[in-house]
Every structure is written in structure tokens, then in C-alpha cells.
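Have a look at the structure below, then the notes.
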Amino acid sequence: MDLLSGKNGGSIDTVQALIQDGLKQVPDEYIQPPSLRPTLTIHNSSLSNQAPVIDLSEFHTNSLERIRHEVGQACREWGVFQVINHGVPTRLLEEMKDIGLKFFECPLEEKLQYACKSGSAASEGYGSRMLVKEDQIFDWRGYFDHHTLPLARRNPSRWPHHPPSYRETVEKYSEQMKLLAQRLLTVISESIGLPSSYIQEIIGEPYQNITISYYPPCPQPELTLGLQAHSDIGAITLLIQDEVGGLQVLKDGQWITVQPLPDAIVVNLGDQTQILTNGAYKSVEHRAIVNALRARLSVATFYDPSKQTRIYPAPELATKDCPPRYREVIYGDYLSAWYSKGPEGKRNIDRLAVDS
């Protein structure tokens with residue numbers, strides 16, 4: 001397959017360009033092993049098979065206890081939930097999806113001006129391969145990753161200038177996602193009996209990345225994945241998706257589609273929250289599927305510790321009756337292992353188990 005070069009030395013094999021050239025079959029590099037292909041899924045035929053939906057409209061009232069209970073139950077049983085009436089302006093959610101779509105509709109030559117650096121894991125910009133493994137199977141997507149927090153990492157000049165509102169919209173969205181993540185982490189801490197600020201204090205100054213993912217139509221969607229199965233490596237992820245849908249979560253051995261809801265935000269627990277809660281709350285294994293007819297767009301905001309942060313089970317949750325289930329880890333080491341070895345579901349956090 002031909003590789004397209006960007007100005008930063010990045011080499012991008014873009015499925016979007018392949019589709020525009022009339023591709024009829026999925027290239028071998030994108031074909032998943034039979035056991036990992038998107039079959040035998042559940043599409044939410046009943047309420048029991050739906051990821052929880054939590055209304056935050058009464059966050060500052062007597063209903064906070066109800067919200068804590070619902071969040072705690074969702075974190076124990078699912079590791080994922082959707083929030084509505086969350087306080088993030090609907091217009092901003094739509095603007096964020098709109099600027100992402102407009103960027104991916106730009107000519108390829110323009111997108112390549114923002115190409116990620118070659119061979120560098122999680123570098124900022126436009127790309128299609130986030131891992132650095134040589135033998136990996138490619139995901140059926142393109143993405144643009146923005147480094148937004150701390151402010152010292154933020155350089156809007158590296159972001160697209162079209163449409164004209166692009167950079168301002170990302171900055172506004174970054175602030176709103178930071179505030180929502182902080183509110184949610186407060187409730188998550190309280191819901192398991194920890195002090196309100198516990199998880200935020202462990203995380204310290206947060207590192208935030210915002211990744212816009214674009215999944216083009218696929219001629220053989222049964223053979224590939226838009227995003228391979230994994231759990232997120234950080235603390236919490238906030239995701240918005242368009243009406244096409246394609247996010248699936250693993251629950252009780254079955255892949256369940258998280259149906260798009262108007263103005264809802266999907267909340268994924270990350271591996272570090274699972275460690276901090278000593279396994280009481282679960283990071284969710286998830287993936288993205290594609291379809292033959294419509295492109296899909298999503299925006300994921302990752303809220304993570306700094307690389308120097310030490311992560312370990314909270315002493316209040318690691319007792320004689322429930323000893324620590326995970327070894328202490330420096331987040332930067334965890335991050336490096338994820339990007340060099342690949343996720344393969346939840347194998348990275350499984351390696352930290354005390355009995356592994």
C-alpha cells in the first residue's frame with residue numbers, strides 16, 4: 001500500500017483516500033483475525049442491555065445522593081455510562097462535531113500539512129496509526145489528536161485553520177470537558193466512600209488530549225474494526241458521537257452497542273481509576289465498528305495523570321479483608337507499555353494484578 005507523506009515526516013496510509021479512489025475490498029493490513037471480527041453483537045433490544053443513562057440536571061440539589069448511587073452502580077457493573085443534562089452547551093457539542101467533519105472533508109493535501117511525526121507514539125496532529133508496533137493490524141479510521149492540557153502543551157498553531165472557528169472551538173470545548181471531568185471524578189470518589197477530591201488529587205495536574213476520529217464507509221465492514229478492542233489507559237474519557245453510531249462495549253462476554261442519544265456524553269472509566277478503586281470499579285473494554293454506507297465521527301476527550309504520577313489502590317479500599325489487587329505503577333511506564341505492545345483488550349492492567 002502506498003504511504004502518503006506529511007510535512008512533519010509522517011507517513012499516513014489513509015482509508016479515506018482509498019475509499020475516494022473506489023476501493024472495493026479491504027486490504028490485508030486491515031483484516032482482523034476471525035475471532036476479533038465484529039459478529040455476534042447485541043444491539044440493545046432491551047433496557048437490561050443498555051449502558052446506563054444518568055441525568056445530571058439536579059447535580060447541586062438533594063438529588064446528588066441519587067446521582068452518586070447511579071454513578072457507583074454504573075461504575076461497578078459497566079465501567080461506562082451516558083450523561084444527559086450535563087451542563088455543556090448543546091451548541092458547543094454540535095460545533096465540535098462540525099469542525100471535525102469539515103476538517104476531514106478537506107482535500108488530502110491540506111490535511112497532510114498537519115500530519116503526525118513519523119514513528120512517534122501519540123504525537124499531535126493528523127494520522128491513522130496511533131501505535132508504534134510493526135506487526136499491528138490497522139484501524140479503519142483517521143484521526144486528529146490535540147494536546148490541550150496542561151496549557152504548556154497547548155499550541156493552537158499546530159491545529160487546522162479551517163474552518164476559521166476551529167481553534168477557538170477546541171479551546172472552549174477543552175475547558176468544558178475539564179470542568180465536566182472534575183465534576184464526575186468528584187462523584188465517582190464520593191460514590192465509593194473516598195473523599196470528594198481523592199481521585200483528582202492523585203491525578204494532580206491533568207493531561208488532556210482531544211481526539212477527533214473519522215471512520216469512512218467500509219466495503220467489507222464484517223472484516224475490520226474502526227478501533228480495536230481496548231480499555232482507555234488514563235482516568236476518565238468523555239466521548240461524543242454522531243447519530244451513525246458504532247461504539248461497542250464488552251459486557252458479560254457480549255459486545256453491546258452504545259446507542260447515540262441527542263446531546264449525551266459517553267463516560268468511559270480508564271485503567272487508572274480501576275487501580276485507584278482497587279478493582280471495585282472497572283475500566284470498560286470497548287471498540288468501534290464501521291459500516292458500508294455512512295461515515296461516522298466521534299470526539300474523545302482523555303483526562304489523564306502526568307507521566308510522573310504514581311498510581312496505586314486507595315488505602316481506604318485496600319484492607320485486610322480486601323488486600324491490594326494491583327501493584328503500584330508510574331503512569332509514564334504504563335503509557336509506554338500500552339503504545340509499544342498494544343492494548344489487546346485489558347492485558348496491560350491485567351499484568352499489574354498482584355497474583356499475575
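Side-chain atoms are counted along with the backbone in the values below, which use heavy atoms only and exclude waters and symmetry mates. Residue numbers run from 1 in the order of the sequence given.
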Main-chain N/O of [Y] paired to [X] side chain as donor or acceptor, under 3.5 Å:
X      : Y      : value
Arg167 : Arg158 : no
Asp232 : Gly234 : no
Ser189 : Leu185 : yes
Arg287 : Ala229 : no
Asn85  : Asp55  : no

### Message
Tell me whether the NZ or CZ atom of Lys282 lies within the 45° cone about the ring axis of Trp78 and under 6.0 Å from its centre.
### Response
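Not satisfied by the 6.0 Å and 45° rule.
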### Message
Using the rule that Ile, Leu, Val, Met, Phe, Trp and Tyr join whenever any side-chain heavy atoms are under 4.5 Å apart, tell me whether Val83 and Leu179 fall into a single cluster.
### Response
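The answer is no; the residues belong to distinct hydrophobic clusters.
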### Message
Determine whether Lys111 and Glu105 satisfy the following criterion, salt bridge (charged side-chain N to carboxylate O under 4.0 Å, His left out), listing intermediate values before the conclusion.
### Response
CA-CA 9 Å; Lys111 293 196 286 284; Glu105 289 175 342; over 6 Å; no
Short N-O contact, [X] and [Y], less than 4.0 angstrom:
X      : Y      : result
Glu65  : Arg68  : yes
Arg91  : Glu94  : no
Glu285 : Lys251 : no

### Task
Show your reasoning for whether salt bridge (charged side-chain N to carboxylate O under 4.0 Å, His left out) applies to Glu328 and Arg310.
CA-CA 7 Å; Glu328 179 179 302; Arg310 294 180 177 273; 2.9 Å; yes
### Query
Are there more than 12 heavy atoms of other residues, nucleotides or ligands under 6.0 Å from atom CD of Glu168?
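Open: at most 12 neighbouring heavy atoms sit under 6.0 Å from CD of Glu168.
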### Message
Just to verify, which of Ile265, Leu239, Ile54, Val258 counts as forming a side-chain contact (heavy atoms from CB on, under 4.5 Å) with Gln82?
### Response
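Going through Ile265, Leu239, Ile54, Val258 one by one, the side-chain contact (heavy atoms from CB on, under 4.5 Å) with Gln82 is satisfied by Val258 alone.
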### Message
Can you classify the ring geometry of Phe144 versus His146 as parallel (below 30°), tilted (30 to 60°) or perpendicular (above 60°)?
### Response
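Aromatic pair Phe144/His146 classed tilted.
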